[in-house]
Colleague: 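Here's a structure for you.
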Protein chains: 2
Amino acid sequence: MGNNIGGINRIGKTHNMIKKVKLLKPALGREEKRQLKLDAILRHAAAAFMEKGYYKTSLDDIARLHKVTKPTLYYYIRNKEDILIKCEAVASQRINGLLDDVTALDDNGFAQLKKFIEGYVEIVTDDIIRCHIRHRGQREDPAAREASLKMHREIEHRVREIIGRGVADGSLRPCNPTIIAILLFDALNGISAWYREEGDLNHEELVAQVLLIVTEGVKNKA
Amino acid sequence: MGNNIGGINRIGKTHNMIKKVKLLKPALGREEKRQLKLDAILRHAAAAFMEKGYYKTSLDDIARLHKVTKPTLYYYIRNKEDILIKCEAVASQRINGLLDDVTALDDNGFAQLKKFIEGYVEIVTDDIIRCHIRHRGQREDPAAREASLKMHREIEHRVREIIGRGVADGSLRPCNPTIIAILLFDALNGISAWYREEGDLNHEELVAQVLLIVTEGVKNKA
DNA sequence: AGTTTAAGTTACTCATGGGTAACAATATAG
DNA sequence: CTATATTGTTACCCATGAGTAACTTAAACT
């Protein structure tokens with residue numbers, strides 16, 4: 001169950017190709033239009049947060065990026081923190097979707113872990129996910145804070161289970177699944193902070209190196 | 001060349017044991033006293049930043065922790081950002097000190113890498129280091145920002161060199177030292193966010209698991 | 001002693017930015 | 001073609017918190 005915000009950034013292009021956008025609009029229901037705009041706002045906000053950080057980015061900045069004024073944002077979001085919460089919802093869906101796919105696989109723990117790593121490196125490229133990884137934890141509202149921690153624990157727990165399964169079925173070497181899951185997660189999440197698709201390092205090489213260290217380690221036994 | 005702020009938190013105890021602190025004070029020069037207080041402020045600030053985050057921690061909060069009023073802080077620091085800069089200086093000294101020790105070792109790349117990991121897990125326990133790892137990158141002042149990035153690059157570069165050396169001398173399996181260094185760093189830095197010495201997970205177990213994944217990987221070859 | 005310097009305090013200023021009230025335009029429906 | 005939600009705007013409020021000025025107290029040196 002992948003991602004409900006796939007083609008949002010194609011809106012810009014549509015806008016360039018067709019002058020009277022009005023002709024196109026009625027094709028979409030109000031609720032869908034609203035959802036689309038919300039997603040666009042989230043993308044703009046996430047990009048800004050990644051560049052300047054949450055606190056150094058004002059709502060006016062985000063509004064400017066979206067070419068509206070600040071109060072308009074409040075039609076789509078409850079408050080500034082709500083942006084992070086909504087980003088988290090998207091992130092949760094995508095990551096848990098990946099985990100659904102991976103655990104549905106009829107294969108041993110190692111194979112599942114491998115698939116997870118490949119998928120996660122893909123996911124971590126998205127600005128909204130990046131934003132969530134970087135700003136996870138900063139919740140003013142205690143309830144939101146708790147929810148955030150819970151969702152993070154759940155994901156970590158699912159990864160831990162994959163590793164545990166691998167140890168049980170013999171495809172993974174005996175280890176402490178809790179620690180290994182956290183270490184792996186931190187390394188993967190770290191990728192979101194430095195990896196850019198436009199750069200000279202391609203996806204395959206990156207995945208290959210992650211898999212190298214996770215599966216074989218770096219010590220030479222020859 | 002370890003750490004110049006080793007026994008700061010012992011001041012509290014001293015204060016409890018000896019009533020007339022005045023009798024003790026003259027043993028220290030003014031400059032040293034000043035340095036001691038600065039370090040204490042840094043510790044208080046770092047602890048607060050780790051708990052509430054940089055932006056949610058006001059200078060009044062820090063002053064309160066230190067049992068002084070806000071303007072007094074300005075006797076020791078230039079401004080709020082200066083606290084991060086000073087934490088970074090401490091971190092730089094400790095990490096580069098470790099790297100000095102490690103690279104001075106007359107042994108192969110793998111052995112050096114192992115020593116580095118052991119030492120780094122130790123370092124990452126310190127609040128000031130934690131603070132630096134978490135808040136590295138948020139610099140208002142462009143010059144400070146550049147300096148921060150440069151220092152971080154330098155450290156990463158030294159780790160990369162150790163790995164490269166290992167590949168060259170055959171103690172490490174052929175790999176991309178740049179990527180491996182970054183992944184390793186992210187995993188190690190991540191530790192600072194969750195590991196507490198007081199917890200039930202002891203140091204040795206943690207180091208053992210990190211070394212397990214780095215050296216052997218988790219895939220079972222049996 | 002008594003003068004100087006370090007260390008700390010109270011009481012402000014002032015920019016920033018989140019959030020809102022009241023009003024204007026635009027689209028959808030009947 | 002009017003009536004009514006839906007979007008959006010301009011103009012404001014106000015809490016927060018960084019940084020400063022002016023003044024007081026404590027320590028140190030000769």
Side-chain angles (χ1 to χ4, degrees), chain A residues 11 15 20-42 44-45 48-49 52-86 135 138-141 144, chain B residues 11 15 20-42 44-45 48-49 52-86 135 138-141 144:
Chain A
I11 283 177
H15 181 266
K20 291 292 178 203
V21 199
K22 290 174 185 178
L23 294 173
L24 197 68
K25 272 185 182 169
L28 302 152
R30 305 149 269 221
E31 194 48 48
E32 282 139 314
K33 269 169 60 183
R34 190 193 174 74
Q35 195 59 39
L36 236 52
K37 283 189 187 168
L38 172 62
D39 287 337
I41 288 173
L42 251 47
H44 282 132
F49 289 165
K52 306 173 61 179
Y54 180 73
Y55 290 98
K56 277 189 221 153
T57 305
S58 71
L59 286 174
D60 283 310
D61 289 337
I62 298 169
R64 208 174 301 123
L65 281 173
H66 197 61
K67 302 236 209 299
V68 289
T69 54
K70 181 174 59 171
T72 302
L73 296 180
Y74 281 83
Y75 197 81
Y76 298 92
I77 57 165
R78 239 194 279 281
N79 50 45
K80 195 182 183 185
E81 182 161 307
D82 193 40
I83 298 176
L84 294 184
I85 293 174
K86 285 183 164 47
H135 297 98
Q138 0 193 313
R139 289 299 112 97
E140 197 80 41
D141 177 37
Chain B
I11 284 178
H15 180 268
K20 291 291 179 203
V21 198
K22 291 173 183 180
L23 293 172
L24 197 68
K25 275 185 179 170
L28 303 150
R30 307 149 268 220
E31 194 51 46
E32 283 141 313
K33 267 170 59 183
R34 189 191 175 77
Q35 193 62 37
L36 236 51
K37 284 188 187 171
L38 171 63
D39 288 335
I41 288 172
L42 250 48
H44 282 131
F49 289 165
K52 307 175 56 178
Y54 179 74
Y55 289 100
K56 278 188 221 154
T57 305
S58 72
L59 286 175
D60 283 310
D61 289 336
I62 299 170
R64 207 170 305 122
L65 280 174
H66 196 61
K67 302 237 210 297
V68 289
T69 55
K70 181 171 59 172
T72 302
L73 296 181
Y74 282 84
Y75 197 81
Y76 298 91
I77 57 164
R78 239 194 279 282
N79 50 43
K80 195 181 182 184
E81 182 162 310
D82 193 40
I83 298 176
L84 293 183
I85 294 174
K86 285 182 162 50
H135 297 97
Q138 356 191 320
R139 292 296 112 99
E140 199 80 42
D141 178 36

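Chain letters run A, B, ... following the sequence lines, proteins first, then strands; residues in each count from 1.
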Colleague: Which whole-number value in Å describes the distance from A/Y55 OH to D/dA18 P?
Modeller: 13 Å
Colleague: Determine, for A/Y54 and A/K80, whether the Lys NZ or Arg CZ falls below 6.0 Å from the six-membered ring centre while staying within 45 degrees of the axis.
Modeller: yes
Colleague: Side chain of B/K80 only, heavy atoms from C-beta on: which candidate in D/dT7, C/dT9, D/dG19 is closest?
Modeller: D/dG19
Colleague: Establish whether the base of C/dG17 is bridged to the side chain of A/K70 by a donor-acceptor pair shorter than 3.5 Å.
Modeller: no
Colleague: Whole angstroms only, please: what is the NZ-C1' distance between A/K37 and D/dT6?
Modeller: 9 Å
Colleague: Would you call B/D60-B/R64 a salt bridge at under 4.0 Å N-O?
Modeller: no
Colleague: When you get a sec, tell me which of D/dG8, D/dA11, C/dA7 is the closest nucleotide to the side chain of A/P71?
Modeller: D/dA11
Colleague: Take atom CD1 of A/I77 and atom C1' of D/dT7, then tell me their distance rounded to the nearest Å.
Modeller: 15 Å
Colleague: Looking only at side-chain atoms of A/R34, point me to the closest of D/dT7, C/dG8, C/dA6.
Modeller: D/dT7
Colleague: Looking at B/K56 and B/D61, is there a salt bridge between them, counting it only when a charged N and a carboxylate O are closer than 4.0 Å?
Modeller: no
Colleague: Tell me whether the OP1 or OP2 atom of C/dT26 has a side-chain N or O from A/K33 closer than 4.0 Å.
Modeller: no
Colleague: Would you mind reading off the distance between B/E140 atom CD and D/dG19 atom C1', rounded to a whole angstrom?
Modeller: 14 Å
Colleague: Heavy-atom nearest nucleotide on DNA chain C for A/K56 versus B/Y76: which residue maps closer to 5'?
Modeller: B/Y76
Colleague: Looking at B/T72 and B/V68, would you say the former's side chain and the latter's main chain have a donor-acceptor pair under 3.5 Å?
Modeller: no
Colleague: Could you state the atom-to-atom distance from NZ of A/K67 to C1' of D/dT9 in whole Å?
Modeller: 17 Å
Colleague: Considering every strand and a 4.0 Å limit on heavy-atom distances, what is the contact class for B/T72: base, sugar-phosphate, or nothing?
Modeller: base
Colleague: Using whole Å, report how far CG of A/L59 lies from C1' of D/dC12.
Modeller: 16 Å
Colleague: Send over the distance from B/Y74 OH to C/dA7 P, rounded to a whole Å.
Modeller: 18 Å
Colleague: Mark yes or no for whether B/H44, through its side chain, and B/A40, through its backbone, hold a donor-acceptor pair below 3.5 Å.
Modeller: yes
Colleague: Expressed as a whole number of angstroms, how long is the span from A/R64:CZ to C/dG17:P?
Modeller: 10 Å
Colleague: From the set C/dT9, C/dA6, D/dT9, return the single nucleotide nearest to any side-chain atom of A/T69.
Modeller: D/dT9
